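What you are looking at is a predicted structure, and each value in this text was computed from that prediction instead of being measured. Sequence lines set the chain letters: A, B, ... in the order given, protein chains first and strands last, and positions in each chain run from 1.
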Amino acid sequence: MIRPVVLQVTAFLEVLPSWLPTVAICTGVYMMLIGMSNHYLESYVGHVPQYTSILGNIIVISLSASIAGATYVSVIKQEMVLLFVFFAFVSGRMIQGAITARIIQKVYAFFSGLSGGDSSDSLGGTLKDSASKAWSFVWGKIKDRILIITVSMIIVSQTTLSIFAVYAFGDGQVIRAIRRFWIGFFFLTVAGITFDFRYFAHRISWTAALGLVIATAGSFLYSPAGFSNLTSVLGPYLENPVPDWMRLPLGAFGFLAGVVFWAIFYRKHG
Amino acid sequence: MTPVELASLTWPATFILAATILFLLLTAAADIGAGVRHLGTVALLVLLVGFYTLPVLTLPVRWLLTLFGFAAPVGLSLVSIRMVIKST
């Protein structure tokens with residue numbers, strides 16, 4: 001039997017090593033640590049004539065390296081690997097929750113903007129006038145985001161086909177469909193953040209912005225459908241592996257905390 | 001040499017390197033006299049020698065840095081959430 005290609009396309013993510021999300025989050029976090037401390041350092045001592053950007057880089061990189069090294073030594077010596085992994089897991093879930101809420105809010109804003117565009121000031125003009133106004137509004141929005149809309153449409157249709165394939169040609173397990181949906185969401189997030197990269201990369205630093213993209217990608221690699229990946233890989237290193245039931249409440253807590261922080265910052269900054 | 005041995009060998013050196021440059025920059029910014037700057041630099045170098053000769057000295061510093069290491073993922077994810085909402 002020839003297995004359908006669409007089923008295979010997203011299947012490669014299922015064979016990702018399970019340490020990858022944690023390592024990706026830690027890499028992203030340390031890149032952000034380097035980038036943001038550099039930013040703060042420059043604003044603090046940037047006016048000193050002895051300060052150069054190379055000197056700043058040396059300070060920040062060696063300080064981050066000492067933090068990473070000391071944490072690594074403590075984690076290994078005191079057998080806190082699992083604790084650290086859970087810290088990274090919860091912080092990843094927080095990013096995931098906040099960004100999911102952000103995407104839903106942006107999709108809502110996009111569609112309410114579309115429907116609000118033709119009724120906003122149609123009182124004074126004719127019907128044709130307001131229709132052309134609405135069209136130029138929609139076209140302006142599309143033209144500005146043509147790249148991300150194309151990419152999103154490709155991802156969405158691929159995910160839809162892949163989910164459809166689970167039921168049409170595959171074994172029809174719901175868990176497979178959920179996993180494929182989540183993988184599609186992962187690609188959408190990475191595409192969206194990479195697209196928005198140009199807006200915030202110059203404002204903070206490139207290192208920090210890239211670290212944010214890597215950390216977010218890592219956090220979205222935690223599939224909600226594969227609960228046992230994380231603890232099983234740590235099995236050989238632990239004397240008493242933590243049971244799986246702990247991960248679900250921890251993940252839910254992190255996700256909810258992320259949504260709450262999104263709400264707090266959204267009310268503050270919009 | 002295992003990764004743990006390598007890490008425990010390198011982190012005090014990188015820490016003192018960062019601390020020394022930062023100390024010199026901060027004292028230069030605050031316009032503090034040369035005597036204090038020399039004294040501080042020598043003290044940091046003595047501390048570096050102490051780290052390698054008396055390993056017990058590294059314990060408090062290591063735990064302080066570990067605290068930062070554990071706080072970094074959660075703290076920076078908060079910072080990044082704020083960043084994403086402010087700028088995208």
Which atoms form the tightest heavy-atom contact between [X] and [Y], and what is the distance?
X: A:G211; Y: A:M32; answer: C-CG, 3.9 Å
X: B:I32; Y: B:R37; answer: O-CD, 3.6 Å
X: A:S64; Y: A:I34; answer: OG-CG1, 3.4 Å

Checking an interface table here. Which of residues 68-78 of chain B come within a heavy-atom distance under 4.5 Å of chain A?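 Residues B:F68, B:G69, B:F70, B:A72, B:P73, B:V74, B:L76, B:S77, B:L78 are the ones that qualify, each having a heavy atom under 4.5 Å from chain A.
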Proximal component of [X], with respect to chain B [non-hydrogen, under 4.5 Å]:
X: A:V48; result: side chain
X: A:I61; result: neither
X: A:I67; result: both

B:F15 CZ to B:T58 OG1 distance, which is reported to the nearest 0.5 Å: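 Going from the CZ atom of B:F15 to the OG1 atom of B:T58 covers 11.5 Å.
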Partners of A:S62 by side-chain hydrogen bond (donor to acceptor under 3.5 Å, both in side chains), sequence neighbours excluded?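 For A:S62 there are no side-chain hydrogen bond (donor to acceptor under 3.5 Å, both in side chains) partners, ignoring immediate neighbours.
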Segment of [X] engaging chain A (4.5 angstrom heavy-atom cut-off):
X: B:V61; answer: neither
X: B:P12; answer: neither
X: B:S8; answer: both

Among [options], single out the residue with the greatest number of heavy-atom pairs under 4.5 Å to chain B.
options: A:V45, A:V73, A:I76; result: A:V73
options: A:A98, A:A68, A:S74; result: A:S74
options: A:L63, A:V75, A:I264, A:V60; result: A:L63

Should we say atom CD1 of A:I54 is surrounded by more than 12 heavy atoms from elsewhere, each under 6.0 Å from it?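 No.
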Begin from the C-alpha positions of A:Y51 and A:E42 and carry the test side-chain contact (heavy atoms from CB on, under 4.5 Å) through to its verdict. CA-CA 8 Å; A:Y51 176 84; A:E42 201 176 333; 3.7 Å; yes
Where at least one partner belongs to residues 23-62 of chain B, residue pairs that pass ring-ring contact (aromatic ring centres under 6.0 Å, His included), sequence neighbours excluded: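 ring-ring contact (aromatic ring centres under 6.0 Å, His included) check on residues 23-62 of chain B returns no pairs.
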Quick one: ring-ring contact (aromatic ring centres under 6.0 Å, His included) partners of A:W262, sequence neighbours excluded?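 Only A:Y266 meet the ring-ring contact (aromatic ring centres under 6.0 Å, His included) criterion with A:W262.
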Hey, mind stepping through A:I59 and B:L25 against side-chain contact (heavy atoms from CB on, under 4.5 Å) and telling me if it holds? CA-CA 10 Å; A:I59 295 175; B:L25 269 180; 3.6 Å; yes
